[in-house]
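Worth saying up front: this structure is predicted, and the values here are computed from it rather than measured. Just so we're on the same page: letters track the sequence lines, and every chain starts at 1.
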Amino acid sequence: MRRVLRPLQWVWLLVVVLLVWELLTRTVTRSLFVPPVSEILRTFGDSWFAATPSTLFLSEEFRTNVLPSIGRIAAGYAIASVAGICGGILLGVWRPAGAFFNPLIRLGMSVPVTALLPLAIVVFGITNSMNVFLIALGCLWPILINAYDGARGIDGTMTLTARSMQLSRRRYFLNVLLPGASPAIVAGMRVSVGTAMVLMVVSELYAATSGLGYYLTQQQRLFRFPQLWSAILLIALIGILANAAFAALERSALRWHHAARGESR
Amino acid sequence: MTATIGGEKSMTSAVLEVAGLGKSYRSRAGDVPAVRSITFDVRPGEFVSVVGPSGCGKTTLMMCIAGLLPLTTGAVTFRGTPLDRPRDGVAVVFQDYSRSLFPWLTVAKNVALPLKDRKVPREQVRSRVAHALEMVGLGHAADLHPWQLSGGMQQRVAIARGLVVEPEVLIMDEPFASVDAQTRTSLEDLLLRIWAETGTTVLFVTHDIDEAVYLSDRVVVLSQGPSVVVADIAIGLERPRDQVATKQTALFGELRGEVYGLVMASEKRTSLAGHTDQG
Amino acid sequence: MTATIGGEKSMTSAVLEVAGLGKSYRSRAGDVPAVRSITFDVRPGEFVSVVGPSGCGKTTLMMCIAGLLPLTTGAVTFRGTPLDRPRDGVAVVFQDYSRSLFPWLTVAKNVALPLKDRKVPREQVRSRVAHALEMVGLGHAADLHPWQLSGGMQQRVAIARGLVVEPEVLIMDEPFASVDAQTRTSLEDLLLRIWAETGTTVLFVTHDIDEAVYLSDRVVVLSQGPSVVVADIAIGLERPRDQVATKQTALFGELRGEVYGLVMASEKRTSLAGHTDQG
Amino acid sequence: DGGTDTASGPATIKVTSFGCEIWNTWAEAKGVFAKHDLKVELVKSTGGSAAVAAVLSGAADLGYVNGFSAINAYNTGFPIEIVAGANTNALPPAKPAQGVFVGTNSPLKTAKDLAGKTIAVNELNGLNQIVTSTWLKQNGVDVSGVRFVALPFSDQVPALLSGKVDAAQLGYSLLGDNNGKVRSLADPFATAGTVYIATYVASKAFVAKGDTASRFHDAMVETMAALGEPANTDESFALLSACNKVPADVLKAQPQNALSPSVDLTALNAMADQMVEQKILPKKPDLDAFVPGFARS
Amino acid sequence: MTTETPVRPVGAPTRVRRRRRPVPDWVLGAAGAVTLLVVWDLAVRTGAVSEDSLPYPAAMLARAGNLLVDREFLTQTGHTLWAWFASLALAGAVAVPLGLLMGYFATLYRPASTVVHAARSIPSTAFLPVAILMFGLGFQMKLALAIYAIFWPILLNAMYGVRDAEPQMLTAGRSMGWNRYRLLTRIVLPSAAPAIATGIRVASSIALIVVLSTELLGATTGIGTVITTYQQAQRPDFVYAGILLTGLLGVVVYYAFTFAERALLPWANAQRGGAR
Ligand SMILES: Nc1ncnc2c1ncn2[C@@H]1O[C@H](COP(=O)(O)OP(=O)(O)OP(=O)(O)O)[C@@H](O)[C@H]1O
Ligand SMILES: Nc1ncnc2c1ncn2[C@@H]1O[C@H](COP(=O)(O)OP(=O)(O)OP(=O)(O)O)[C@@H](O)[C@H]1O
Ligand SMILES: O=C([O-])O
Ligand SMILES: [Mg+2]
Ligand SMILES: [Mg+2]
């Protein structure tokens, strides 16, 4: 009984919200733009899945629009992570470099990446690289800033300890700086998951010939609202999965951090 | 009981010689002297404690001696060569175990870290780490993480990390200040046992006058900062020492009173007067 | 020197009576007993310390006495009435000053807090806060925030907050455990002075046996948890006490040794054997 | 909101706009709207589907929508009607107003060369893509191999010049000062029959309520007739120039689309046929109820 | 730790002391900015990037000066700021109290966090096509998208802030005889305040970026529309001047919030913040 009720504790409100949505759209406000949940779910199945085992039960639409988007997110995010972590730590431990780049980073984070879409098109053309570039640029800032703060926030005693042990630079980076800054870095990477999703959609609204953003625009132009919402639902599911994967990774990789802070979860 | 005021220099067989050590910190307002001029030396195998009023420069002194801070004046020599950067024969144990152990590494890996860049064969690393952990009574905790241990155990890991390099000099800056009174008692006795076993020279900073007297061969008393040596007191208590018996002796009480008097006298303001730091 | 094993009940003039107090924590695995059965009482104006092995239930006991935790068995009475929720005549000072002071309030406002809901006229609040701060030597720090103070000063603010309600009983749970040895010495003497001035009854938990003996009229020794009272030792040291003179007396050494022996005996494992708390 | 005939004064209506439409400028300046008892408030919108949404949500009374989007919205079941036509394509012998542009030195010469190439259009499945696809098909090109890319008009020429796309379909008037850097392969609209590049749509409820919609249609008819007068050309371009800040002589040199305030149902049906052919619509809707009587030609 | 040595606020950077007097940070920062402009200038001068797509920095700076005194630009900036402010005010007014409730009542916390995490997983831009259809291209659409984007971070920070309240402080409050309401107003609220402030600061940046993005992607008023207008007019110098100014606006907003936070919540620095 307990085992059944415990998950219910977590999900009942979500179920209520969806039921209210269904009822409202079926009765009181038959909005042209917001279809009932049941219709979205039906379209969701029809749009993204197919009865063909050879394509892993994924529809043609899924393969042409969703897979490219996921690929772009993965590539952009990976580039941002590597550049952000290395750059941030470097700027964090080398004070003059940090000061040198500080105004540029502040400005960079504040410029809406969307504004650079035209520049990206000119530089990269209508290619995957263009989307990847925009995603990477948008995700870079939170990771960079957090890695910077993380590296600067490493306890002075730890730094001294490492120095007194005469660790090599490489070992110092790998065994002290990187793990020491990792809670902050992971926090930044987590924020960037959301940013990556935002920019995936935005960068595909124009100048793309595939992808979820492209699909959304197309459905909007054709006034296909159930399809539009089923794409939004898919994006939400991808976001939830990405967040869950992240939380799991964080729980295992940063166990020392949470435990050291005396957190229960 | 022998007290040589001013810490006069003695034998040349010293493992560590601190001669006229002075250190100023640079700040916006100008140079701030933390240590004026400190001279003393430590003979091989000796257990020397340094006490002094808060903020008098004890930590600064230890950092200079460990080669972690450049000196402003004077010199520190370790077996005759100047100590201007961290050296192999010198290990440091810091006060705050929670900040000097790396929480992302297991106990064994924390202890193994100082051996890592020294081309010690892997097999030997393993045995030395095991031995160091055995010495501090933590053989069973090798695969745990620091945050799975109590404070006293963590500090023992830090001591094991100091010992694993088999240092000639072990510098300890208030190592037991963050553990509770009962644990401290155990750690003191543990330290004395290891010191006797290994013959390591120990240079020990503490706030606790009982602790300094209980542990040491000599207690160096510093003045209010910028500090100089006020007294260098030989502690003639018998060894091995015992938490109850030793502390019940008249000599212990006298030495304790003497050091207490010196520290209090050198402290211009009592700590209750208090200064604040705004912003 | 009088030691009454088992803490037998005496006069009826007790301000605080703890009778057969037992406390279990509920957990998934079932009830975990922390305190088995504790009986002792405190007479008005007395300074009573409670010592015992780590984890034996001292904090649990204090929380129960302060009315912050419901008892499982037994009763606590304060001037004859049961203490089942926080009462006006009882104030608590916690160990960790950094977590019990409110950083968003100034020192003066922190100290004024307990008077807030008691319809004390504003003018009187001001003078009582000023007086409490004067007592702990922080008259000048009224408008600072806790995070602008040193650890010792923060703990003195916590004490002032306890004193401002002019409590009949001041409960202190390891109040000086997080400050360094020198500061602790000053705080101990400060506390003794205030205790003498105000006539407040003090119930004091500590790990430090020297501290317990130095401060108290009586030391209550608890067993390993789930705890019972092992001994209730009267401390016949003369007052006023002095950090050097008192501690040099033979009686101090004896009492210290006695309590030390009782605590060590009641501790099944020494703290060196080490327990780990995982997760 | 809007479209209310108050007892005193003209009816205020909200009309969506892309920027500076020459007929709006003219009708406003010449008092044509006032003459038909209308007070027009222009509401900016950037796309056809947005204008349809504005009309349906009541944010606007009349939406400036390309013909294909309008048919699509009607087919979706939205309660809208076309109350006026606006611009149609310039058919021969008029000078082409549209082009499929490539760089001056591009090796691409004919429609056939575009097989497998990338062509920029302003919106996917929009007017320009449909017309260009039809034109490519007429020239025997397999459209499924052509990649259409949505780019804002402003980004099309830079993308073309930097080689990121092979061709771009847009109007001459949108070339800016890049006229010398590109050349047109053809005007795909020239062989498309009459295409309603833009229309004005309103909600059925708005059309049914009073005669405001038909008065707007009449105002358009009168305005567009005036604009057709060669005598008015200079003045109309001067007015437009004041609005869009492009020098009047530049405007005058640009080929213009035709203006058709009334809707030819045959042409509209032909457009729907193209949409079915390109699988944008599953089957042709009955367009009879789409255009009220007063708006038909 | 030392007897009376002041406590260093948790999280304050420990600076490594150097022998030489360091070059002030602002000089290095200025050097960084100048270096960027020089590299940019060279990139355009050498033809690495075409002048048609990227202007000379000098030209951009001059245009930025023109825009700053341009009435139309300032009006549109006003529109952008108004949408930004309105979204922040509305989202904050609802999300903060809601987050406090959800954090304080354990029975609400679990089901609500599922809904919140599901909702915040949808990037606000995914709603752009629907929002345009539902709200048109005006203020409402901008507001709706910006509110959607910032509602969740504010809510989550308020929730976490409440849950991170120090148990020892609550015990101290209880020892003074406080009831649930007093504990909430006197301890939970002030301890959650730094986390809430962090949430609002983060939200202020997100809101500005979302508002500007909707303007660039369709909305009809605001700085973004000025930029698209110049884009259509093929004036990259103005386009990049506009982008520069929006970036600077973001920087100003960021520092304004940081400053306000320091002034209003001075203890936030001393305490571990609830930022996530
Ligand atoms: N909230 C709780 N739930 C369950 N068990 C608890 C709880 N609090 C304390 N305990 C357990 O009760 C016992 C007594 O704990 P308590 O903190 O009272 O001991 P203590 O004597 O104060 O320890 P210390 O000397 O370390 O301060 C311990 O075994 C502890 O693990
Ligand atoms: N990095 C620094 N920059 C400037 N002044 C410093 C620095 N570190 C320490 N000081 C100052 O130098 C003096 C000595 O500090 P130090 O930490 O060495 O004293 P200490 O004796 O170890 O104190 P404690 O007993 O509190 O540990 C103090 O006045 C302190 O404020
Ligand atoms: O997921 C976010 O909404 O950031
Ligand atoms: Mg120190
Ligand atoms: Mg306790």
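For B:I171, no part lies under 4.5 angstrom from a heavy atom of chain A. Looking at B:R161, only its side chain comes within 4.5 Å of chain A, counting heavy atoms on both sides.
Ranked by non-hydrogen atom pairs under 4.5 Å with chain A, the options B:L105, B:L113, B:D88 are led by B:L113. When the candidates B:A158, B:A66, B:S100, B:P86 are compared by the number of heavy-atom contacts under 4.5 Å with chain A, B:P86 comes out ahead.
Using cut-offs of 30° and 60° for the angle between ring planes, the A:W48 and A:F62 rings count as perpendicular. Aromatic ring pairs are classed by plane angle as parallel below 30°, tilted from 30° to 60° and perpendicular above 60°; the pair A:F124 and A:F133 is tilted.
Under the salt bridge (Lys or Arg N to Asp or Glu O under 4.0 Å) criterion, B:D208 pairs with B:R184, not counting sequence neighbours.
Among all heavy-atom pairs drawn from A:S203 and A:L134, the shortest one is CB-CD1, 3.8 Å.
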